[in-house]
Amino acid sequence: MLQANDDNFHVHSLPPFANEHNKILSNAIKEKTLTYSGVLALLDDSISRAEVMLAHRKNVHQELLHTQGLYDAKSRQIETEDHLKQVSERESGRLSMEIKRMGKEIAEFTDHLNTIQNNVYRGNERIEQIRTDLKLEKNELEEWLRVQAEKEEDSMALMQYTKEDDAKIKEL
């Protein structure tokens, strides 16, 4: 039976009777096989790393797309906010002008109201003056009527005395 050593377990193990040239070739094949195994392991590692890098690249690309989407959304939001700010500023300006216009209208209405109130006051003063004049005239009228009544009484009394005198004169 053959002795089991490291050389006998390899696919390229040589029998103990192999010549030196075959042993050199066998060792070269073993080295090439080891190198080939190392290169295969390196290739597998490189393929594995390349797959990881491709997956990472895919993830980075997805993240880039997501970030670009967020950027675009934020840009649209900023544009919308700028637009709303401009609309608000225009509305504020319009409202300021409206406030000024209403202030002028209020001033005009106030002036008009003051004019009307002054006219009403003057009218009330005139009415009071007329009432006062009427009271005076009424008092004067009452006085005049009283005086007239007295004159009439005096006239009546004078006429009666004149009749009496005339009657006495006729009797005499």
Side-chain angles (χ1 to χ4, degrees), residues 1-140:
M1 187 161 173
L2 294 173
Q3 209 175 13
N5 64 18
D6 289 338
D7 290 345
N8 290 337
F9 281 70
H10 278 82
V11 174
H12 299 287
S13 60
L14 295 176
F17 56 85
N19 66 10
E20 197 57 38
H21 179 66
N22 286 338
K23 286 182 184 181
I24 291 173
L25 286 176
S26 177
N27 282 338
I29 289 174
K30 285 179 191 178
E31 284 177 19
K32 297 288 182 187
T33 302
L34 284 175
T35 304
Y36 177 72
S37 296
V39 168
L40 279 180
L42 187 60
L43 178 65
D44 285 344
D45 186 46
S46 295
I47 289 172
S48 182
R49 288 180 70 200
E51 288 173 354
V52 167
M53 290 175 84
L54 284 174
H56 179 68
R57 180 182 167 265
K58 183 179 175 184
N59 290 338
V60 168
H61 183 69
Q62 286 290 50
E63 188 174 334
L64 175 66
L65 291 177
H66 178 69
T67 303
Q68 185 66 42
L70 289 174
Y71 172 78
D72 293 342
K74 193 64 169 178
S75 294
R76 286 191 302 273
Q77 180 184 4
I78 289 171
E79 288 173 6
T80 301
E81 288 173 355
D82 285 343
H83 176 71
L84 290 175
K85 178 184 171 194
Q86 291 173 357
V87 168
S88 296
E89 287 172 351
R90 284 193 297 268
E91 185 69 13
S92 175
R94 187 187 68 76
L95 289 175
S96 293
M97 290 174 61
E98 185 74 15
I99 288 169
K100 287 178 185 175
R101 184 185 63 78
M102 289 184 150
K104 287 179 183 177
E105 282 183 17
I106 289 171
E108 289 173 7
F109 286 135
T110 302
D111 289 344
H112 187 67
L113 179 64
N114 286 338
T115 303
I116 290 172
Q117 286 175 340
N118 288 338
N119 290 338
V120 167
Y121 178 75
R122 279 189 228 118
N124 286 338
E125 283 182 339
R126 287 177 64 198
I127 289 171
E128 286 300 315
Q129 183 62 41
I130 290 171
R131 283 185 183 157
T132 304
D133 290 347
L134 283 176
K135 283 182 183 177
L136 289 177
E137 287 176 10
K138 184 179 178 186
N139 289 339
E140 288 175 5

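Every heavy atom of this structure was used, including side-chain atoms; hydrogens, water molecules and symmetry mates were not.
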Could you state the interatomic distance from OG (Ser48) to CG (Asp44), rounded to the nearest 0.5 Å? 8.0 Å
Okay, side chain of Asn118, backbone of Asn114: is any donor-acceptor separation there less than 3.5 Å? yes
Can you find a pair of side-chain heavy atoms, one from His83 and one from Thr80, that are under 4.5 Å apart? no
Within a strict 4.5 Å, meaning less than it, do heavy atoms of the Lys74 and Gln77 side chains meet? yes
Just so I know, are the side chains of Arg90 and Val87 near enough to count as touching, which here means a heavy-atom distance under 4.5 Å? yes
Gln117, CD atom: more than 12 neighbouring heavy atoms under 6.0 Å: yes
To the nearest 0.5 Å, how far apart are CG in Leu65 and CG in Leu70? 11.0 Å
Are the side chains of Glu63 and Thr67 in contact, using a 4.5 Å heavy-atom criterion? yes
Ignoring hydrogens and angles, state whether a donor on the side chain of Gln129 or Glu125 is under 3.5 Å from an acceptor on the partner side chain. no
List the atom pairs, with distances to 0.1 Å, where a side-chain N or O of residues 101-112 and a protein N or O form a donor-acceptor pair under 3.5 Å, not counting sequence neighbours.
from	atom 1	to	atom 2	distance (Å)
Arg101	NH1	Glu105	OE2	2.2
Arg101	NH2	Glu98	OE2	2.3
Thr110	OG1	Ile106	O	2.6

The reported gap from OG in Ser37 to NZ in Lys32 (rounded to nearest 0.5 angstrom) is 13.0 Å
Expected output: side-chain Ser75 to main-chain Tyr71 donor-acceptor under 3.5 Å: yes
Between CD1 on residue Ile99 and CZ on residue Arg94, distance to nearest 0.5 Å: 10.0 Å
May I ask you to check whether Asp72 and Gln68 show a side-chain donor-acceptor distance below 3.5 Å? yes
Please report the interatomic distance OG1(Thr33) to NZ(Lys30), rounded to the nearest 0.5 Å. 9.5 Å
Nearest-0.5 Å distance that lies between atom CZ in Arg126 and atom OG1 in Thr132: 14.0 Å
His61/Lys58 under side-chain contact (heavy atoms from CB on, under 4.5 Å): CA gap, chis, key distance, verdict: CA-CA 5 Å; His61 183 69; Lys58 183 179 175 184; 5.6 Å; no
